[in-house]
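Here's the structure we're looking at; comments come further down.
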Amino acid sequence: MPELPEVESVRTGLEKLIKGLKIKQVTVLWDRIIAEPSDIRLFKEKIKNQRIESIGRRGKFLLFFLTDYVMISHLRMEGKYRIESNDVPISKHTHVIFELEDGRELRYLDVRKFGRISLIPRDTELAHASIAKLGPEPVRETLVLETFKNQLLKRKKTIKATLLDQTVIAGIGNIYADEILFEAKIHPARMANTLIERELITLYEAILLVMGKAVKAGGTTIRTYQNAFGETGSYQSFLNVYGKKGQSCPRCGTTIEKTKVAQRGTHYCPNCQSESQLIR
DNA sequence: GTCCTTTCCTGACAGC
DNA sequence: TGCTGTCAGGAAAGGA
């Protein structure tokens with residue numbers, strides 16, 4: 001499940017592999033992957049002979065900057081890009097094939113077909129609905145402590161749901177939300193607007209720490225995640241609570257529990273992230 | 001405006 | 001063995 005660190009690792013990989021190449025033509029094997037334009041023929045027509053000038057990222061969205069268009073791609077749960085020679089057989093879960101001028105192909109694979117691709121004119125990307133509403137990236141330069149605190153204090157929902165809300169901060173998904181809350185010693189079901197000053201600052205620092213460390217590690221490989229080189233991330237070796245139900249908390253030894261918060265599987269240490277916080 | 005629920009999808013796994 | 005049911009979950013859309 002690619003979150004910001006995994007998408008960033010895909011981005012840097014793709015830049016090394018296909019930047020500067022021209023797309024000769026595109027084959028779409030599962031129409032629903034293409035969100036825009038709604039007419040698939042138009043998508044294929046427009047992308048023909050476009051050169052991949054660079055590859056950017058905003059939150060969990062990949063942005064392929066082409067000659068005249070920007071291709072916005074979200075991998076959702078299991079989307080991945082592979083570069084293959086055109087004589088390599090098409091695997092079962094390949095849904096979009098971009099033929100490149102050097103005979104290789106950029107292939108989009110997605111077991112669950114949740115990923116979406118949009119092709120829009122250059123320079124309209126920042127105004128595109130999916131991008132425009134995103135909150136700041138989780139780095140010190142863009143995530144301003146005061147703004148962050150104000151955002152949280154007006155949310156009448158759990159802190160876990162708030163961290164997953166892409167309009168508050170861009171790029172945090174289920175794995176890192178659990179890891180961040182463990183780091184900050186805050187219970188995931190705590191209401192965001194009940195956090196006190198000290199907790200808000202601790203949480204802010206935990207976000208920067210966890211996300212920064214995960215980007216450096218090339219992301220986390222839980223199920224099937226691979227970057228463009230087919231490499232896995234290494235952050236899973238730093239995970240403290242995610243997927244650790246029944247194991248000992250690395251901080252206090254208490255057994256890690258799993259519940260459901262904000263409709264998501266949620267892992268936490270019942271001692272470090274105490275329930276008693278909930279009554280405040 | 002904010003929050004909550006549903007929808008999209010397939011593979012893995014538990015239980016019978 | 002083979003079937004059925006449940007779970008995994010990010011974002012968009014629609015309803016409250």
Side-chain angles (χ1 to χ4, degrees), chain A residues 1-8 10-11 28-38 40 57-63 71-81 90-96 108-118 120 125 127-135 137-138 150-181 188-194 211 214 219-226 236 239 241-246 257-268:
Chain A
M1 38 209 89
E3 304 180 29
L4 187 155
E6 292 76 34
V7 178
E8 178 58 20
V10 170
R11 187 195 72 77
V28 179
L29 300 169
W30 188 264
D31 287 0
R32 297 189 70 139
I33 300 287
I34 311 301
E36 269 178 274
S38 49
I40 304 290
R57 181 192 57 74
R58 181 74 173 89
K60 304 175 202 171
F61 292 86
L62 278 170
L63 298 136
M71 188 173 90
I72 303 178
S73 169
H74 198 297
L75 306 170
R76 296 281 180 93
M77 309 305 303
E78 308 211 24
K80 45 188 78 70
Y81 282 101
I90 305 297
S91 69
K92 185 181 168 189
H93 300 300
T94 301
H95 306 307
V96 187
Y108 178 73
L109 290 74
D110 192 340
V111 170
R112 278 147 94 174
K113 301 175 177 168
F114 270 17
R116 293 292 178 264
I117 294 172
S118 290
I120 59 166
E125 65 275 7
H128 190 264
S130 60
I131 303 295
K133 64 183 178 198
L134 292 176
E137 296 280 314
N150 292 335
Q151 282 281 325
L152 263 62
L153 291 175
K154 68 181 191 191
R155 302 279 154 170
K156 295 188 183 75
K157 54 181 179 182
T158 61
I159 187 59
K160 166 100 184 212
T162 306
L163 289 180
L164 293 173
D165 185 340
Q166 302 298 299
T167 69
V168 177
I169 305 163
I172 299 173
N174 202 40
I175 298 173
Y176 298 118
D178 282 3
E179 293 301 317
I180 287 165
L181 290 171
R190 180 80 178 278
M191 299 307 279
N193 60 358
T194 67
M211 297 307 279
T220 304
T221 297
I222 289 291
R223 279 171 47 82
T224 60
Y225 162 75
Q226 293 182 347
Q236 60 274 16
L239 294 178
V241 285
Y242 187 87
K244 308 276 184 189
K245 178 189 167 187
E257 286 182 13
K258 185 180 179 186
T259 57
K260 212 158 204 179
V261 178
Q263 261 84 272
R264 302 277 189 275
T266 299
H267 312 73
Y268 69 105

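First the proteins, then the strands, lettered A, B, ... as listed; each starts at 1.
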May I ask you to test the A/L75-A/D110 pair for a side-chain heavy-atom distance under 4.5 Å?
no
Considering only side-chain heavy atoms of A/H93, which listed nucleotide, B/dT5, C/dG9, B/dG11, is closest?
B/dG11
Does a side chain donor of either A/H128 or A/E36 reach within less than 3.5 Å of an acceptor in the other side chain?
yes
Summarise protein proximity over nucleotides 11-16 of chain C in one line of letters, 5' to 3': B for base, S for sugar-phosphate only, - for none, counting protein heavy atoms closer than 4.0 Å.
SS----
Per the under-4.0 Å heavy-atom filter, residues of residues 29-38 of chain A near DNA chain B come out as A/W30, A/R32
Closest of B/dT5, B/dG11, C/dG10 to the A/K92 side chain is B/dG11
Interatomic distance, A/D165 CG vs B/dG1 P [rounded to whole Å]:
14 Å
Using whole Å, what does the distance between atom C1' of nucleotide B/dG11 and atom CZ of A/F114 come to?
12 Å
With a 3.5 Å distance limit and no angle check, can you tell me whether A/H267 reaches the backbone of A/G243 through a side-chain donor-acceptor pair?
yes
For the side chain of A/R116, counting heavy atoms from C-beta on, which of B/dT10, C/dA8, B/dC8 is nearest?
B/dC8
Will you find, in the side chains of A/Y108 and A/S73, an N or O donor that is under 3.5 Å from an N or O acceptor?
no
Within the side chain of A/E3, is there an N or O that forms a donor-acceptor pair under 3.5 Å with the backbone of A/K60?
no
For A/M191 and B/dT2, what is the distance between atoms CE and P respectively, to the nearest whole Å?
15 Å
C/dG9 phosphate, OP1 or OP2: any side-chain N/O from A/Y242 under 4.0 angstrom?
yes
Backbone N/O of A/I131 and side chain of A/E125: donor-acceptor pair under 3.5 Å:
no
Quick check on salt bridge (Lys or Arg N to Asp or Glu O under 4.0 Å): which of A/R155, A/K154, A/K133 does A/D165 satisfy it with?
A/R155
Please assess A/K160 against A/N174 for the test side chain to side chain contact (heavy atoms under 4.5 Å, CB included), listing each intermediate value before the final yes or no.
CA-CA 9 Å; A/K160 166 100 184 212; A/N174 202 40; 2.6 Å; yes
Whole-Å distance between B/dC9 P and A/L109 CG?
17 Å
Would you kindly give the CD-to-C1' distance between A/E78 and B/dA12, to the nearest whole Å?
11 Å
Phosphate oxygens OP1/OP2 of B/dC3: is one of them under 4.0 Å from a side-chain N or O of A/K156?
no
Length of the CZ-P vector between A/R58 and C/dG10, whole Å
18 Å
Whole-Å distance, A/D110 CG to B/dC8 P, equals 16 Å
Check this one for me: any side-chain N or O of A/Q263 less than 4.0 Å away from OP1 or OP2 of B/dT5?
yes
Take A/K154 and A/K113, find for each the nucleotide of DNA chain B with the closest heavy atom, and name the residue whose nucleotide sits nearer the 5' end.
A/K154
Any sub-3.5 Å donor-acceptor pair from A/E137's side-chain atoms to A/G59's backbone N or O?
yes
Rounded to whole Å, how long is the line connecting atom CD1 of A/I175 with atom P of C/dA8?
13 Å
Classify the side-chain pair A/T220/A/Y176 by whether it contains a donor and acceptor separated by less than 3.5 Å.
yes
